[in-house]
Amino acid sequence: MKGLAAALVAVVLTTTLAACSNDGIKDVDGSPAPETLTVFAAASLKGSFTRIGAAFEKQNPEVTVRFSFAGSSDLLAQLQQGAPADVFASADEATMDTARVAGVLDGDARDFASNTLEIATPPDNPAGIRTLADLASPDVKVVVCAPTVPCGAATEAVEKESGVDIEPVSEEQSVTDVLGKILSGEADAGLVYVTDVKAAGKKVQGVPFGESSEVVNTYPIATVRRSDHAGTAEAFTDFVTGPEGQAILAAAGFGAP
Amino acid sequence: MSSPQHSGVPRWVFVPAAAGALFIVLPLVALASRVEWSQFWSLITSESSRAALLLSLRTSATATLLCIVLGVPMALVLARTSFRGQSLLRSLVLLPLVLPPVVGGIALLYTFGRQGLLGHTIEVLGLQIAFSTTAVVIAQTFVSLPFLVVSLEGSLRTAGDRYEIVAATLGARPTTVLRRVTLPLVLPGLAAGAVLSFARALGEFGATITFAGSLEGVTRTLPLEIYLQRESDPDAAVALSLVLVVVAVLVIGLVRGTRSDAP
């Protein structure tokens, strides 16, 4: 009985420890070995990068691309803690600059897409929003991103450029949280990216506004220094910035870099 | 099998027990080790931190009060009566305990939200719940209520109904029995349940962000502030996390204190 229990404990401990240390995938030596490319990409890239990944795998059958989608600053924090990744695509240049300064990157970052803000309302637009200035009305429940996250920084810049002072009822942690409040009909309007409006389809109505062109968010992509697959990482970046990747991004509503 | 000096606990049990304890304590030590002590005070007393802490304390206290008002009768009904479907009801009361908080938040949204089940009625009454402090309190009450009910129901069952029967035979009416006999008897259990509810309300995150939103001083409680700060100012997030841990430890200490006083 005693021995059995001790053995059990030993097994549990060793498997736990093994699982902990087994997070980096190593390839067998030799050329056409299967390769797994890990791409850390901003949450707003989920739809388009999933498609790009599939197209890249089709062109490079020996490569499997796996993605981790999260907020750019979350991904950067994980990279700084040593998370195994080969490519990092951020939703803003500020985060990529921080990554470069922190010594996480290998070589320079390349811009591959841009995004602008758009007003999103529920499909019937209950508050009758037509312009950015309409959001300043105290009767309109507006939800925006908090200034500390990239979409919130962009919102703040738009407010500054246009002189429109928005009094939001909520400052959310991410653009998807903002969209969620509009999809559920709780908010009358919110500021999200053009690509989010496009991805939500008929569930939200997009209201473009002229001032949005003043604030353009640029997306950079770079190879991670600790990458074991620098060559493939470079090929993936070429693919994203090349005609096929650009076509997929444009279809999702992203602008040229 | 048993070793004499440890009253029947086999010696090998201490190894996994110690591993378990380390598993809980180590992350807290790691958290404390990352605190920038030189800036600690200024980080936790910044305006947004103070607003979040005050809001958290205020809403958690209100939620605890609501838990007592709603939970004491629920516990009484569960512990002192029997009817068809009671065990099903008991499972339902426990549901918020095991539900992912974000699911609770979505459920609340479709109950009290503008498009929700009660949304129209609430609007007719002239109340605004969406994006208000009320929404935070509702979310916190939803997730903390089971703690009070479970705690108190246990106390009621342990205490038994001998004294109540005696009081009733002596001519006391049910309300008098409840007020003079039952409640004083289970007061430690009620206190423990209330403190646990408060602690759970203080830590509530998922239902709040889903249902109430996040605005400084209105709906951004301490856990929401921590989540937001870690994007831009990890040092502040760590400092505030430690504050929350300390408050939680104090609260749990309080429960243990009341428990050991229990008969």
Side-chain angles (χ1 to χ4, degrees), chain A residues 1-13 16-17 70-78 80-81 92 94-95 98 122 124 126-127 139-153 167-174 176-178 180-188 190, chain B residues 1-3 10-20 22-23 30 34 48 102 105-116 119 128-133 135-136 205-206 208-220 223-234 236-237:
Chain A
M1 204 50 200
K2 205 175 194 172
L4 181 70
L8 205 69
V9 169
V11 166
V12 169
L13 279 179
T16 316
L17 293 175
S72 302
S73 11
D74 277 343
L75 293 171
L76 173 61
Q78 290 171 20
Q80 283 176 298
Q81 299 289 329
D92 66 342
T95 309
T98 317
D124 55 345
D139 303 329
V140 181
K141 282 187 190 298
V142 185
V143 177
V144 298
C145 288
T148 47
V149 295
C151 60
E167 291 280 343
V169 291
S170 180
E171 291 177 345
E172 304 280 327
Q173 336 265 359
S174 77
T176 42
D177 290 334
V178 174
K181 295 287 190 289
I182 296 158
L183 290 171
S184 65
E186 290 306 301
D188 296 322
Chain B
M1 281 273 286
S2 64
S3 92
R11 211 168 272 177
W12 58 264
V13 165
F14 286 89
V15 175
L22 265 182
F23 182 61
R34 290 301 289 263
S48 48
V102 63
I106 291 174
L108 290 173
L109 203 56
Y110 290 117
T111 313
F112 298 102
R114 281 212 280 182
Q115 317 282 322
Q128 288 277 0
I129 288 186
F131 306 114
S132 68
T133 309
V136 177
F205 173 78
T208 310
I209 188 92
T210 317
F211 175 51
S214 170
L215 191 68
E216 188 177 307
V218 181
T219 49
R220 187 174 296 154
L224 266 59
E225 175 73 17
I226 292 170
Y227 190 63
L228 185 64
Q229 286 289 357
R230 104 206 177 297
E231 293 264 2
S232 59
D233 191 351

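So you know, we letter chains A, B, ... as the sequences are listed, proteins then strands, and number each from 1. Because the structure is predicted, anything quoted here is derived from the model rather than measured.
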Main-chain N/O of B:T210 paired with A:K181 side-chain donor or acceptor, under 3.5 Å
yes
Ring of B:F14, cation from B:R11 - is the NZ or CZ under 6.0 Å from the centre and inside 45° of the axis?
no
Tell me whether A:D188 contacts the main-chain N or O of A:V142 through its side chain, where contact means a donor paired with an acceptor under 3.5 Å.
no
Quick one about A:S184 and A:E186 (side-chain donor to acceptor, distance below 3.5 Å, no hydrogens or angles considered), yes or no?
no
Chain B contact via A:A187 - which portion, at a heavy-atom distance below 4.5 Å:
both
Pick from A:T95, A:D177, A:V169, A:V149 with the largest number of heavy-atom pairs that fall under 4.5 Å of chain B:
A:V169
When the ring planes of B:F112 and B:F211 are compared, do they come out parallel, tilted or perpendicular, using 30° and 60° as the limits?
tilted
Check each atom of B:I209 against the heavy atoms of chain A and say whether the ones under 4.5 Å are side chain, backbone, both or neither.
both
Looking at B:S214, B:G116, B:A212, which one has more heavy-atom pairs under 4.5 Å with chain A than the rest?
B:S214
So which of A:S72, A:P147, A:A77, A:S170 has the largest heavy-atom pair count under 4.5 angstrom toward chain B?
A:S170
Checking B:S132 against chain A: side chain, backbone, both or neither under 4.5 Å from a heavy atom?
neither
